[in-house]
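One structure is given below, encoded as structure tokens.
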Amino acid sequence: MERARQGPRARYREQTRAEIKDLALRQLAEGGGTALALTRIAKEMGLSGPALYRYFAGRDDLLNALIRDAYDDAAAAMARAAARSAKGSRGVRARLHDLAEAYRTWAIAEPHRYLLIQGAPVPGYVAPADTLERARAVLGPFLPLFATGSPGPAVAATMDEMTAWLAADGTVGAWVARYAPEAAGPPDTPAGEARAASALAGAVLAWTQLHGSVSLEVAGQFAGMAHRGGTLLGAHMEMLADAFGLDQAPA
């Protein structure tokens, strides 16, 4: 509907920006972040260099758009997976596996975009501040799962650090409350603080496990080995679920 209300000039600008981003993604797929070259994009499109800068102010502006798009697409995929998984009577542990597999599936389908947001930084580039909220949106669906947990000794130190982080940074508490409002409870009570810390610790630990396993798979590091990436990631999630006392795995 919004696009239908746009005039021809606005639609042309939107289409041109989309074409520029498509060509930039092709360059990223071929050579990573350092391969991004606006002059090459302009040449492929039959534009002059100055004409291209009417659509993006420079390399960093284009990278900003690509990174925002990637985070938003990944977050949308995770939100869809969370909604599907929440239907029916699936336990928390099964839902954790569903989310982990959705993360892995998106990364494998979009390897160059995944590596853009989770791989090595592009030299000289500083991501805009708003990417933090977008990154949190990707991990948000994990928060309500771990808010239901009973963390064990293996994650006690992490729980302490997450409790301190929540006390020091109000934006982190707001993030937890936004995704796990029904589980967080009154934030100033011991039970509420423990649930919020459990949610945060679990989400952060899930991210580190996901990032490590999925990044290795996307980069081709599992080539020639006998295991499937999904099997390895599933084992990581089982150990994490055990550490947080999530519901028992099915027999």
Side-chain angles (χ1 to χ4, degrees), residues 74-75 77-107 118 135-169 171-217 227 229-251:
M78 295 303 295
R80 289 192 298 271
R84 287 193 304 269
S85 185
K87 294 178 180 177
S89 58
R90 291 179 70 72
V92 175
R93 187 179 294 246
R95 290 166 61 192
L96 174 62
H97 283 284
D98 291 343
L99 290 183
E101 186 55 32
Y103 185 98
R104 174 177 172 266
T105 297
W106 185 85
Q118 297 291 346
R136 286 177 174 174
V138 177
L139 296 179
F142 288 96
L143 290 166
L145 304 185
F146 288 101
T148 68
S150 300
V155 293
T158 304
M159 284 285 292
D160 290 342
E161 291 175 356
M162 296 301 108
T163 300
W165 190 18
L166 284 161
D169 189 341
T171 68
V172 177
W175 174 44
V176 174
R178 184 162 66 252
Y179 284 91
E182 72 290 343
D188 296 327
T189 65
E193 290 175 354
R195 284 192 292 269
S198 180
L200 185 58
V204 170
L205 286 168
W207 171 61
T208 62
Q209 297 295 325
L210 289 163
H211 177 61
S213 182
V214 172
S215 294
L216 286 169
E217 184 176 8
H227 68 275
T231 304
L232 185 63
L233 184 59
H236 282 303
M237 292 302 106
E238 277 296 303
M239 289 186 285
L240 193 57
D242 288 343
F244 280 84
L246 302 186
D247 58 15
Q248 294 300 307

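The model shown is predicted, which means the values in this text are computed figures rather than measured ones. Note: hydrogens, waters and symmetry copies are ignored here, and every other heavy atom, side chains too, is used.
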Straight-line distance of [X] [atom1] to [Y] [atom2], nearest 0.5 Å:
{"X": "D169", "Y": "W175", "atom1": "CG", "atom2": "CH2", "result": "11.0 Å"}
{"X": "S85", "Y": "M78", "atom1": "OG", "atom2": "CE", "result": "10.0 Å"}
{"X": "M237", "Y": "L99", "atom1": "CE", "atom2": "CG", "result": "10.0 Å"}

Test item: T208 side-chain N/O and L205 main-chain N/O as donor-acceptor pair under 3.5 Å
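Flag set: sc T208 to bb L205 pair under 3.5 Å.
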Would you say R93's side chain and D247's backbone share a donor-acceptor pair under 3.5 angstrom?
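A pair under 3.5 Å: yes.
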Validation: residues 135-143 side-chain donor-acceptor distances under 3.5 Å, sequence neighbours left out:
from	atom 1	to	atom 2	distance (Å)
R136	NH1	E133	OE2	3.4
R136	NH1	T171	OG1	3.4

Which residues pass the side chain to side chain contact (heavy atoms under 4.5 Å, CB included) test with [X], sequence neighbours left out?
{"X": "H236", "value": "Q209, S213, L232, M239"}
{"X": "T105", "value": "E101"}
{"X": "Q118", "value": "Y71, Y103, Y114, W207, H211"}

What is the minimum heavy-atom distance between [X] and [Y], and which atoms define it?
{"X": "V176", "Y": "A199", "value": "CG1-CB, 4.1 Å"}
{"X": "A241", "Y": "L96", "value": "CB-CD2, 4.1 Å"}
{"X": "A107", "Y": "V214", "value": "CB-CG1, 3.4 Å"}

So, using side-chain hydrogen bond (donor to acceptor under 3.5 Å, both in side chains) as the criterion, who are the partners of T231 when residues are at least two apart?
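For T231, the residues satisfying side-chain hydrogen bond (donor to acceptor under 3.5 Å, both in side chains) (neighbours in sequence not counted) are R228.
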Go through the structure and list residues passing salt bridge (Lys or Arg N to Asp or Glu O under 4.0 Å) with R90, not counting sequence neighbours.
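Result, salt bridge (Lys or Arg N to Asp or Glu O under 4.0 Å) vs R90: D98.
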S150 and F244, any side-chain heavy atoms less than 4.5 Å apart
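Heavy-atom side-chain distance check fails, nothing below 4.5 Å.
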Kindly indicate, with the supporting measurements, whether the criterion side chain to side chain contact (heavy atoms under 4.5 Å, CB included) is fulfilled by L200 and F146.
CA-CA 8 Å; L200 185 58; F146 288 101; over 6 Å; no
Identify every side-chain donor-acceptor pair in residues 158-167 under 3.5 Å, counting partners at least two apart or on other chains, and give the distances.
from	atom 1	to	atom 2	distance (Å)
T163	OG1	M159	O	2.9

